[in-house]
Protein chains: 2
Amino acid sequence: MVTPRQRAREQTLVDITRLGREQLATVGAAQLSVRSIARDLGVVSSAVYRYVKSRDDLLTLLVVDAYDELGEAAEAAERRRRRADHMGRLRAVAHGVRDWALAEPARYALLFGSPVPDYEAPAEQTTGPGLRVPMLLVGVVDDAWQAGALVDPATPLSKALAKDMAGVADGLGVELSPAVMARSMFAWTSLFGAVSFEVFGQYGRDASYSRRLFEHHLDRIAAEVGL
Amino acid sequence: MVTPRQRAREQTLVDITRLGREQLATVGAAQLSVRSIARDLGVVSSAVYRYVKSRDDLLTLLVVDAYDELGEAAEAAERRRRRADHMGRLRAVAHGVRDWALAEPARYALLFGSPVPDYEAPAEQTTGPGLRVPMLLVGVVDDAWQAGALVDPATPLSKALAKDMAGVADGLGVELSPAVMARSMFAWTSLFGAVSFEVFGQYGRDASYSRRLFEHHLDRIAAEVGL
DNA sequence: CAAAAGCAAGAGCACTGCTCTCTAAAGTTG
DNA sequence: CAACTTTAGAGAGCAGTGCTCTTGCTTTTG
């Protein structure tokens, strides 16, 4: 049985998340303040602490929210491709991530930028949503591998690294060859490296070439994955 | 003619930078406070504003400081290799960057993490030091190219991207083939992507495999560069 | 219907960046 | 060398922050 009070509480939590998301987008994570959210909510600051234990707790809420939206964006883009179109799926994921990141730079920064000091996202809440994109990537690479569509690597993995990758795959709860895992991690790391450099402005202010450079990087990543 | 007052002023500025650097390492950029620096300096907070216009101004000081130390570390590592040892030089730069980043995560985050909101590093002061590592990379790749040590790419650059890369090289003030520029940028982006993921904890808390994974990524990057 | 639990308000603490005015010392100049 | 100017630092103060605690009030529950 759901009481009106529970419903109101949930609604308030949703409102807080929404206002936090807006503040994140406009003023950024550092300037995000629970007092200002309280003002927008038409309530005194201490009232917000009934719903959110601390500012860090609020950040966790927003981290999960952002991971989920990013994951959903990437998954939606990937779903539009045929299962056998491995290259298309990889490109879809990559562009899904990049488009979301460019549209939501502050929220992207919250996920992949500097860790907020003295705050570490509680693993039990954030790892799940945070793994959606990586899972998508290993899915694509593994499908290609199973279909025999991957070019063989010039050099095989070292024994130690193969063991490491087996452990990572195990941690993800999937059955994968170490080679697939290693290639996926390279794709993952390089993809987000490219997106981060673009979002964080490392290429300089005039990023007129950034989209073409991203395409190029994507081609290089795909080549290294073996696609 | 340098007056004692000028000397004292310079010394105070050095002290402020040192204390800022320490605070950055201990509490991070977000928690960095000029009041606390004033306390450590044994002076009242308003006095610090005689030397530093604002907190952002202090951040700029620390950004330049960090870029210079990172650049120096990478250059020192690279200098230890013979000029013709292109692979060794690339690896030296990469490990120089990684080692510094792992030793100074907060300062690395200041340079390559989320941009501090409402603060953008003034280009005229930061671009120079910020380009030291990229310049090092293009130097290595170009040397290899000139020496004919680079494997030819499977697919040539598109016309548009070649033009973009020519523009970038021009902006750097160096004479480079677009292919060299593109490969350097891929190396740069992927290298820092790998380092950022490691420093920012995206691989999870137990990074037991992180060094071996980095070596693997480095091999993949080198392969894609053509080394 | 009375007890328990949940809610918002308001005051207050310790902190922040930053500005202002004031005093005293140091440097410069006629 | 005395008068003037520049400068470092102190201290008060403003507006903002995260967060806690108490105090009434309302809703839910036994």
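All values derive from a computational prediction rather than experimental measurement.
Whole-Å rounding puts the B:Tyr51 OH to D:dT6 C1' distance at 13 Å. Spacing between atom CD1 of B:Ile37 and atom C1' of C:dT16 amounts to 13 Å, rounded to whole angstrom units. At whole-Å resolution of the value, CZ in A:Arg9 and C1' in C:dA5 are 12 Å apart.
Listed nucleotides D:dG11, D:dA8, D:dC19 differ in distance to B:Arg50; the shortest reach to its side chain belongs to D:dA8. Distances were taken from every side-chain heavy atom of B:Ser33 (C-beta onward) to each of C:dA8, D:dG18, C:dG17; the shortest belongs to C:dG17. With D:dC19, C:dT16, D:dG9 as the candidates, the nucleotide lying closest to the side chain of B:Val43 is D:dG9. Considering only side-chain atoms of B:Val34, the nucleotide from C:dG17, D:dG18, C:dT16 that sits closest is C:dG17.
Each of B:Arg35 and A:Arg39 was matched to the nucleotide of DNA chain D holding its nearest heavy atom; the match closer to the 5' end belongs to B:Arg35.
A donor-acceptor contact under 3.5 angstrom links the side-chain atoms of A:Ser46 to the base of C:dA9.
Defined by atom type and a distance below 3.5 Å, a donor-acceptor pair is missing between the side-chain atoms of B:His95 and B:Glu78.
Salt-bridge formation is detected for the pair A:Arg107/A:Glu69: a Lys NZ or Arg NE/NH1/NH2 atom is positioned less than 4.0 Å from an Asp or Glu carboxylate oxygen.
Proximity of B:Val14 to B:Glu10: side-chain heavy atoms (C-beta onward) are nowhere separated by under 4.5 Å.
Nucleic acid contact for A:Val44: base, since at least one base atom lies under 4.0 Å from a heavy atom of the residue. Within 4.0 Å of A:Leu32, counting heavy atoms only, lie sugar-phosphate atoms of the nucleic acid but no base atom. Among the heavy atoms of the strands lying under 4.0 Å from B:Ser54 are primed sugar atoms or P, OP1, OP2 only; no base atom is included.
Other residues, nucleotides and ligands place more than 12 heavy atoms under 6.0 Å from the CD atom of A:Gln11.
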